[in-house]
Participant: 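This is the structure, below, for whatever I ask next.
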Amino acid sequence: MKHYEVEILDAKTKDKLCFLDKVEPNATIGEIKSMFHKSHPQWYPARQSIRLDPKGKSLKDEDVLQHLPVGTTATFYFRDLGAQISWVTVFLTEYAGPLLIYLMFYFRVPFIYAPKYDFTTSKHWVVHLACMCHSFHYVKRLLETLFVHRFSHGTMPLRNIFKNCTYYWGFAAWMAYYINHPLYTPPIYGEQQIRLALTVFLFCQIGNFSIHIALRNLRPPGSKTRKIPYPTKNPFTWIFLLVSCPNYTYELGSWLGFTLMTQCLPVAFFTLVGFIQMTVWAKGKHRSYLKEFRDYPTLRSPILPFIL
Amino acid sequence: MSAPAMGTSKTAHSESGHKKKKGPGTLATAYLVIYNVIMTAGWLVIAVGLVRAYLARGSYHGLYYSIEKPLKFFQTGALLEILHCAVGIVPSSVVLTGFQVMSRVFLTWAVTHSVREVQSEDSVLLFVVAWTVTEIIRYSFYTFSLLNHLPYLIKWARYTFFIVLYPMGVMGELLTIYAALPYVQKAGLYSITLPNKYNFSFDYHTFLIFVMISYIPLFPQLYFHMMRQRKKVLGHVEEYSKVE
């Protein structure tokens with residue numbers, strides 16, 4: 001059986017970084033990355049982007065050498081993705097921040113409001129309820145990160161964590177400031193509005209969790225096999241009939257509920273920004289489902305039933 | 001803040017490229033020529049207005065009042081440039097162009113128009129003069145580029161005068177905002193206070209301070225970008241001269 005030779009060039013400078021001879025035809029890109037790592041220890045596999053063209057798409061770790069459009073001397077281009085950090089670490093950091101920051105405003109630690117309000121709490125019961133809901137939401141996310149989610153890409157670039165945390169922590173501080181402010185004004189329709197909002201919030205939180213469980217059960221641990229998600233016995237998953245990414249639909253619903261509960265403009269703005277971002281993700285996901293599965297259900301839309 | 005820098009070399013470069021390939025089309029080019037001619041004429045009107053008012057008055061104090069209306073009209077008219085980028089007939093970044101035009105419109109309406117007390121400040125004259133000269137050069141540059149007959153003098157002016165005009169404009173802008181601060185704070189201008197049913201507040205005074213601070217990271221980027229453009233554009237001519 002013939003062997004391949006593999007040379008790896010820098011995507012920018014075209015310098016030859018590495019030459020591997022006698023590589024097995026059924027070697028995967030993941031294995032080639034490991035070999036490359038031996039000669040360049042500073043570039044561990046997770047931070048390597050290996051491409052066929054200098055500006056091409058990264059090859060997947062499971063791609064097999066002999067199935068790629070290369071000759072017996074394969075030329076690959078390498079780009080350093082920068083220091084990598086695990087998704088779990090990123091998510092735990094992103095979500096712990098809002099939880100703790102919000103509580104600081106709730107308990108009115110010094111230097112936020114006037115000194116006479118230090119360590120007091122609001123006189124409005126809806127503010128206490130909002131704190132419970134906000135905390136519940138982020139605790140749920142933290143627990144899901146630890147026990148529910150599986151991540152197909154194990155890592156992401158370290159610099160992203162700063163962007164993501166600025167977003168989550170910044171918005172948490174912004175909304176917490178106004179909700180817990182001594183001059184906070186409760187919802188104009190009073191208890192009716194609050195109860196309706198709470199119902200929406202809880203319904204959507206349970207829905208979101210149900211979808212996460214369903215997605216997790218879609219594939220065994222460690223597997224990268226992709227399947228079409230379908231409704232299960234759990235009624236909260238029946239929305240899969242109409243939507244590709246119901247986790248985002250329910251997430252949006254949760255924040256709409258929270259907006260209604262608090263009647264706070266920064267919360268509404270956070271909901272809007274989140275909706276825009278999730279729509280982008282949902283459309284991307286929807287598109288990849290359509291591309292990958294010939295028999296993908298046609299009735300589904302990305303994030304809002306029938307609409308969007 | 002200073003005039004939109006993007007779209008200068010890109011416009012010239014892409015324009016010639018586009019002519020060979022697809023380009024914005026005859027209709028779009030004709031429209032852009034008309035737009036740029038009108039804007040050049042508009043800023044010339046402002047320039048002439050300034051000079052006439054100065055000669056008539058013998059002093060540069062209070063010149064703002066003689067050019068207030070055309071300044072507002074033509075500076076606000078620049079909003080169309082964001083649309084040009086968005087539609088794609090000008091190959092510049094929508095975000096960058098939008099940011100630069102909006103910062104000018106913001107200063108025109110939200111600061112100078114809104115705080116009448118600063119209108120008689122000399123700093124207003126600083127940025128108005130800087131803007132006027134910059135814009136006459138910039139719009140005539142675009143006009144001639146679109147017509148493929150760009151005089152060297154205008155190109156040279158485009159990539160040389162900014163060295164003085166950009167810092168001058170920024171100084172005028174910052175001093176004007178600074179002068180407006182006490183009046184904004186006293187009047188609570190454009191500010192929303194608690195309590196209110198939206199549970200949201202906004203302090204325009206603080207916002208203006210943040211705007212001033214934002215010049216620190218943003219202006220150098222723009223200035224040195226233009227410096228690099230200058231080397232790229234005027235440097236070629238030098239090379240050409242050497243070859244000759």
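These values consider heavy atoms only, across backbone and side chains, with no hydrogens, waters or symmetry-generated copies. These figures come from a predicted structure and were not determined experimentally. Letters A, B, ... mirror the listed sequences (proteins, then strands); counts begin at 1.
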Participant: Out of Thr185(A), Val267(A), Leu265(A), Thr262(A), return the one with the most heavy atom pairs under 4.5 angstrom to chain B.
Facilitator: Thr185(A)
Participant: Does any backbone or side-chain atom of Ile188(A) lie under 4.5 Å from a heavy atom of chain B? Answer side chain, backbone, both or neither.
Facilitator: side chain
Participant: Would you say that more than 12 heavy atoms from the other residues, nucleotides or ligands in this model lie under 6.0 Å from the NZ of Lys72(B), or not?
Facilitator: yes
Participant: Counting only heavy atoms from other residues, nucleotides and ligands, does the tally under 6.0 Å from CE of Met212(B) exceed 12?
Facilitator: yes
Participant: Should we count CZ of Phe202(B) as having more than 12 external heavy atoms under 6.0 Å?
Facilitator: yes
Participant: Does a sphere of radius 6.0 Å around OH in Tyr223(B) hold more than 12 heavy atoms from other residues, nucleotides or ligands, not counting ones at 6.0 Å or beyond?
Facilitator: yes
Participant: Under 3.5 Å, side chain of Asn199(B) to main-chain N/O of Gln263(A), donor-acceptor pair present?
Facilitator: yes
Participant: Indicate the ring-plane relationship of Phe200(B) and Tyr178(A), choosing parallel, tilted or perpendicular according to the 30° and 60° boundaries.
Facilitator: tilted
Participant: Relative to chain A, which segment of Thr193(B) carries a heavy atom at a distance below 4.5 Å: side chain, backbone, both, or neither?
Facilitator: neither
Participant: Please say whether more than 12 non-hydrogen atoms of neighbouring residues, nucleotides or ligands are located less than 6.0 Å from CZ in Phe269(A).
Facilitator: no
